[in-house]
Amino acid sequence: MRPLGRDLTDPLTEWLPRQRWFAGKDRAIGEVTIGADTELAPGEPGLRHVVLDVRQGTDVDRYQLLVGIRHDLPDRLRDGAIGQTSDGAHLYDAANDPELTRVLLAGMADEIRAGALRFHRAPGTELRRDLAGVPGSAEQSNTSLIFGDSYICKLFRRLSPGVNPDLEVNLALTRAGCAHVAAVRGWIDLEPDGGEPVTLGLLSEYLRTATDGWQLAITSVRDWLAHAGPGGVGRYPGGGPAPAGTPDVGVPAPPARRGDLGVPWRDGVPGGAEEAEPDVLDPGAAGGDFAAEAERLGAATAAVHRDLAVAFGVTPAPAGEVRAMAHRMHRQLAEVSAAVPQLAVYTEVIGRAFDELAEEAVDLPLQRVHGDYHLGQVMRAETGWVLLDFEGEPARVPAERREMAHPLRDVAGMLRSFEYAARFLPAGDSRLSAEASHGLELRARAWADRNRDAFCRGYAEAGGADPAANAVLVRALELDKAVYEIRYEARNRPSWLPVPLRSLAHLAPR
Ligand SMILES: Nc1ncnc2c1ncn2[C@@H]1O[C@H](COP(=O)(O)OP(=O)(O)O)[C@@H](O)[C@H]1O
Ligand SMILES: O=P(O)(O)O[C@H]1O[C@H](CO)[C@@H](O[C@H]2O[C@H](CO)[C@@H](O)[C@H](O)[C@H]2O)[C@H](O)[C@H]1O
């Protein structure tokens, strides 16, 4: 096998920053070196699995790449072209090449080993080996390959030492017979070099007919907001196209009537100063109500928490640890308000909520949780809600992602997501007058409150800790997540920053 060497690493300095999954776009690449190079398919086309060490300043991050090798590169693969070898062969991203991705599935079916790579089939699973994987279209931090209607294989692009919590938790929940996860069918890892194996890929049952929670929630919000406006089918509630930067949710709004729901219209936007009557602020009255789904999602969340507690155990956190938790919340608040000036006006109120948590000083049971729970991490399948992506918050180091936490942390995460869904459409529209914004804010609040309540009810009735009986904790956790989101949006999606800020104006009024 001929080493790829600089034929691969030289062009990667340019190529990597153009990839959605590359997490170092804010810094220049100093050097790319090959940590391991394993042949998975010889010949034409050839397939290599490559571990890359990417140095940026003093940091070195590991990534994995599937490199395809062909002398003739068909047009359909040109988008993934990386470079050429000295004998004229093309090197390209093989995740786009179905002829090569089938090697991964067959490898797991046959439980092969190749160099330090080990392919595993989940216990008791038979795998088809005749399917080719094609990349999914979802916006994601990794790369997922979909194999027919049967499997989805997530290739973790940035590699962390040890077993990835997504595999660890999904495997434990699959073994426990949990109905709210996509069953694990296989995985790929790197043989431990003294320590733990490094997870490279996770093969799960593909939920062919499921829709993700964010899309469903946004459909409901759009129905609710458009109900009052003159926008008509497929238009933004403000009456025109969505403002730049507003993600296209692709959901046609139903025909709407001017002046409906108590907000008068002026110049094509809702412009009434007066508050709508309470009885017209009932999202349950509009089409596409989400509350029943939110309640079921609450119940599914409680069931998963119960299974996680059984699988990984529960540890009591004494009051001192709760004070340490409040201290960490304060620290993040100070860091983020130094970096994002718009947060400064809320810091006092938010800080007080953290102090109340520290003062309450109760013992809390801690357990494994989802860790980055939001509407984009759940899918509604025919059988009910399914939770995805137990990797934790992407910015945290692996040890933090596996830390025990109070299960209401996930509840708080989902409550934030209802705030996001309710506010992300109106928050982007700079054309709205203050009065119009106020009318939309009232509606957003009504939608968020209805679904927050339904979710909490479903969670508590299914045996989860009652959020209402733990109001100080939930409020502190929710504000802590909002602070995290402000930093996340400022760094990753600045056009979304008004979304968490608008919800803080309501949650932490000055
Ligand atoms: N088992 C599954 N069945 C169907 N689609 C899935 C499944 N798992 C993930 N997806 C789709 O892939 C997307 C990304 O998955 P996720 O695990 O969140 O990846 P990432 O960690 O890269 O963000 C999800 O939002 C969903 O649309
Ligand atoms: O899905 P990831 O694990 O990559 O999580 C990160 O990105 C999320 C956005 O994609 C971000 O979630 C925030 O935006 C969501 C809407 O896009 C919203 O539903 C969430 O409530 C909000 O936190 C998440 O915080 C971040 O870690």
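In what follows, every heavy atom counts, from backbone to side chain, and hydrogens, waters and symmetry copies are set aside. Residue numbers start at 1 and run along the sequence shown. Computed from a predicted model, the values in this text were never measured in an experiment.
The two residues Gly148 and Ile146 come nearest to each other via the heavy atoms O-CG2, 3.4 Å. Here the shortest heavy-atom pairing between Leu47 and Ala94 reads CD1-CB, 3.5 Å. The shortest heavy-atom contact between Ala421 and Ile218 is O-CD1, 3.7 Å. For the pair Leu117 and Leu200, the tightest heavy-atom approach, listed with the atom from each and the gap, is CG-CD1, 3.9 Å. Annotation for Ile486 and Leu504: closest pair CD1-CD1, 3.9 Å, computed over non-hydrogen atoms. Across every non-hydrogen atom of Glu393 and Gly371, the tightest pair is CG-O, 3.6 Å.
With respect to Glu293 and Arg296, a salt bridge is recorded, a charged nitrogen being found less than 4.0 Å from a carboxylate O. Note on Arg157 versus Asp93: salt bridge recorded, some NZ/NE/NH1/NH2 to OD/OE distance being below 4.0 Å. Between Glu391 and Lys154 there is a salt bridge, since at least one side-chain N of the basic residue sits less than 4.0 Å from a carboxylate O of the acidic one. A salt bridge links Glu419 with Arg452: the distance from a Lys NZ or Arg NE/NH1/NH2 to an Asp or Glu carboxylate oxygen falls below 4.0 Å.
A heavy-atom distance below 4.5 Å is found between the side chains of Leu104 and Phe119. Using a 4.5 Å heavy-atom threshold, the side chains of Arg27 and Asp59 count as touching. Using a 4.5 Å cut-off on side-chain heavy atoms (C-beta onward), Ser503 and Arg416 make contact.
In this structure, the side chain of Gln332 engages the main chain of Asp480 through a donor-acceptor pair within 3.5 Å. In this structure a side-chain-to-backbone donor-acceptor pair under 3.5 Å is present from Arg78 to Leu73. A donor-acceptor pair under 3.5 Å is formed between the side chain of Ser220 and the backbone N or O of Gly288. Under a 3.5 Å cut-off, the side chain of Asp97 and the backbone N or O of Glu99 do form a donor-acceptor pair. Proximity of a side-chain donor or acceptor of His180 to a complementary backbone N or O of Leu387 within less than 3.5 Å is not detected. When atom types are taken as modelled, the side chain of Gln64 and the backbone of Leu155 share no donor-acceptor pair closer than 3.5 angstrom. In this structure, the side chain of Arg306 engages the main chain of Ala462 through a donor-acceptor pair within 3.5 Å.
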Handout entry: Criterion side chain to side chain contact (heavy atoms under 4.5 Å, CB included) on Leu66 and Thr143, from CA distance to verdict
Key = CA-CA 11 Å; Leu66 288 169; Thr143 299; over 6 Å; no
Problem - Evaluation steps, side chain to side chain contact (heavy atoms under 4.5 Å, CB included), between Asp289 and Trp447 - result: CA-CA 9 Å; Asp289 182 29; Trp447 188 94; 5.6 Å; no
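Looking only at atom types and distance, the side chain of Asp61 has no donor-acceptor partner in the side chain of Gln56 under 3.5 Å away. The closest side-chain donor-acceptor pair between His71 and Glu44 falls under 3.5 angstrom.
Relative to the six-membered ring of Tyr151, Arg185 misses at least one condition, a distance below 6.0 Å or an angle of at most 45° to the axis.
Here the CZ atom belonging to Phe22 is positioned 10.5 Å from the CH2 atom belonging to Trp15, to the nearest 0.5 angstrom. Taking OG of Ser417 as the reference point, atom CG of Asn451 lies at 11.0 Å (rounded to 0.5 Å). Between Asp389 atom CG and Met379 atom CE the span is 12.0 Å, to the nearest 0.5 Å. Taking CG from Asp130 and CG from Leu105, the interatomic distance works out to 8.0 Å, rounded to the nearest 0.5 Å. To the nearest 0.5 Å, the span separating CZ on Arg6 from CG on Leu8 amounts to 12.0 Å. For the atom pair CG (Leu167) and CZ (Phe156), the distance works out to 7.0 Å, reported to the nearest 0.5 Å.
In this structure, His120 and Trp187 have parallel ring planes: the angle between them is below the 30° cut-off, well short of the 60° mark. Classified by interplanar angle (parallel below 30°, tilted 30° to 60°, perpendicular above 60°), the ring pair Tyr373/His370 is tilted. A parallel orientation is assigned to the rings of Trp496 and Phe424, their planes being inclined by less than 30° (bins at 30° and 60°).
In this structure Arg62 satisfies the side-chain contact (heavy atoms from CB on, under 4.5 Å) test together with Val51, Asp53, Leu159, sequence neighbours excluded.
Ring to ring, Tyr420 and His374 are not that close: their centroids are 6.0 angstrom or more apart.
In Arg493, the CZ atom is crowded: over 12 heavy atoms of neighbouring residues, nucleotides or ligands sit closer than 6.0 Å. Residue Glu111 places its CD atom among more than 12 non-hydrogen atoms of other residues, nucleotides or ligands, all under 6.0 Å distant.
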